[in-house]
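Take a look at the structure below.
Remember, it's a predicted structure, so these values are computed and weren't measured experimentally. Per chain, numbering begins at 1; letters A, B, ... match sequence-line order.
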Number of protein chains: 2
Amino acid sequence: MITKNKERLTNQKKIIFDYLKSVKIHPSAETVYSAVKKKLPRISLGTVYRILKNLKEKKEINEILSGVSCYDGDISPHAHFICEDCQKIFDVFEKCHFLKYRRTKIGKIKKYQIYFYGICTKCSK
Amino acid sequence: MITKNKERLTNQKKIIFDYLKSVKIHPSAETVYSAVKKKLPRISLGTVYRILKNLKEKKEINEILSGVSCYDGDISPHAHFICEDCQKIFDVFEKCHFLKYRRTKIGKIKKYQIYFYGICTKCSK
DNA sequence: GTGCCTGCAAACATTTTGCAAAAAC
DNA sequence: GTTTTTGCAAAATGTTTGCAGGCAC
């Protein structure tokens with residue numbers, strides 16, 4: 001994990017970072033909190049929010065905006081499929097999109113996010 | 001404007017709908033509230049939220065997730081550029097994306113949203 | 001030892017909801 | 001007249017923040 005400036009490497013940061021990198025789900029702050037509490041019983045939700053924000057700013061994780069913010073430890077280029085029924089977030093690695101330009105008339109694109117909405121196979125049964 | 005089932009067409013709905021269709025900005029619920037208050041001085045913010053939700057469900061407007069929810073009366077296919085500095089939302093009609101498939105392994109895609117992030121030309125000066 | 005970081009709780013912002021009155025049909 | 005919708009206020013939800021003590025360096 002990167003640390004910038006006078007930033008310190010705490011246990012809370014390490015454990016949240018490791019957790020996000022190890023799971024395939026896209027947890028909310030609340031879910032991260034519940035998960036890391038097993039290893040850090042005294043951690044607070046405020047700290048989780050602060051660390052998630054910090055990791056996001058350092059571009060070590062991505063934020064997924066879907067009502068409540070969810071977080072993705074996988075920062076490789078991929079899209080997300082959000083099921084409108086169960087609200088689960090799925091990764092889409094299929095090459096179904098091709099972004100040709102790195103610049104629009106409005107400004108230079110630093111990053112982009114693609115969200116697909118629909119009903120997942122499980123829910124459509 | 002479409003009305004479904006036993007839905008009634010009220011002044012509040014008409015004015016909010018007209019407002020969203022007439023502006024080029026992407027207003028938040030609060031902004032919509034301030035704007036329509038000129039014509040409906042007694043409208044409440046709760047009503048604005050209810051009507052925005054209703055219009056969204058009928059697919060007459062789109063919701064843009066960018067921290068606070070913003071709304072777009074233009075439902076034609078286009079992407080959004082969000083300036084990380086001024087937080088303004090811009091429309092991107094340029095054909096810089098081509099979504100080839102209407103189906104992924106996860107489920108059938110009903111709609112998609114593309115968000116570009118960067119610094120707009122005004123802020124980068 | 002210095003100063004960044006945490007836990008805690010309170011504050012804040014945004015959105016939803018229950019209810020009686022008002023409006024649409 | 002009936003039923004939906006509104007305005008209002010309170011509640012719920014999600015997130016941020018101030019501060020004193022704790023921990024990394």
Check whether the side chains of A/Thr47 and A/Gln12 place a donor and an acceptor atom closer than 3.5 Å, and report yes or no.
-> no
Closest to the 5' end of DNA chain C, once A/Ser44 and B/Leu45 are matched to their nearest nucleotides, is A/Ser44
On DNA chain C, more 5' by nearest nucleotide between A/Lys6 and B/Lys53 is A/Lys6
Gap between atoms CZ and P, on B/Phe17 and D/dT5 respectively (whole Å) = 16 Å
Identify whether any heavy atom of B/Ile51 sits under 4.0 Å from a base atom; if not, whether one sits that close to sugar-phosphate; answer base, sugar-phosphate or nothing.
-> sugar-phosphate
Thinking salt bridges, do A/Glu7 and A/Lys58 make one under a 4.0 Å N-O criterion?
-> yes
Using only side-chain N and O atoms of B/Tyr49, determine if any of them is under 4.0 Å from OP1 or OP2 of C/dT15.
-> yes
Inter-residue atom distance A/Ser44.OG - A/Arg50.CZ, 0.5 Å rounding | 6.0 Å
Along nucleotides 19-25 of chain C, 5' to 3', which nucleotides get a B, which get an S, and which get a -, given that the test is a protein heavy-atom distance under 4.0 Å?
-> ----BBS
Provide, to the nearest angstrom, the distance between the NZ atom belonging to A/Lys14 and the P atom belonging to D/dA24.
-> 8 Å
Is there a side-chain polar atom (N or O) of B/Lys13 under 4.0 Å from OP1 or OP2 of D/dT5?
-> yes
Distance, nearest 0.5 Å, that separates NZ of A/Lys56 from OH of A/Tyr71 | 5.5 Å
Can you tell me how far NE2 of B/His26 sits from CD1 of B/Ile61, rounded to the nearest 0.5 angstrom?
-> 11.5 Å
Ring-ring centroid check A/Phe81 A/Tyr117, cutoff 6.0 Å = no
Do any side-chain nitrogens or oxygens of B/Thr47 fall under 4.0 Å of OP1 or OP2 in D/dG7?
-> yes
List the steps, then state whether side chain to side chain donor-acceptor pair (under 3.5 Å) holds for A/Tyr33 with A/Lys37.
-> CA-CA 6 Å; A/Tyr33 175 61; A/Lys37 229 178 173 176; 3.0 Å; yes
To the nearest Å, give me how far apart CD1 (A/Ile15) and P (C/dG7) are.
-> 10 Å
So what does B/Ser28 touch, heavy atoms closer than 4.0 Å: a base, only the sugar-phosphate, or nothing?
-> nothing
Distance in angstrom units between A/Met1 CE and C/dC5 C1', rounded | 13 Å
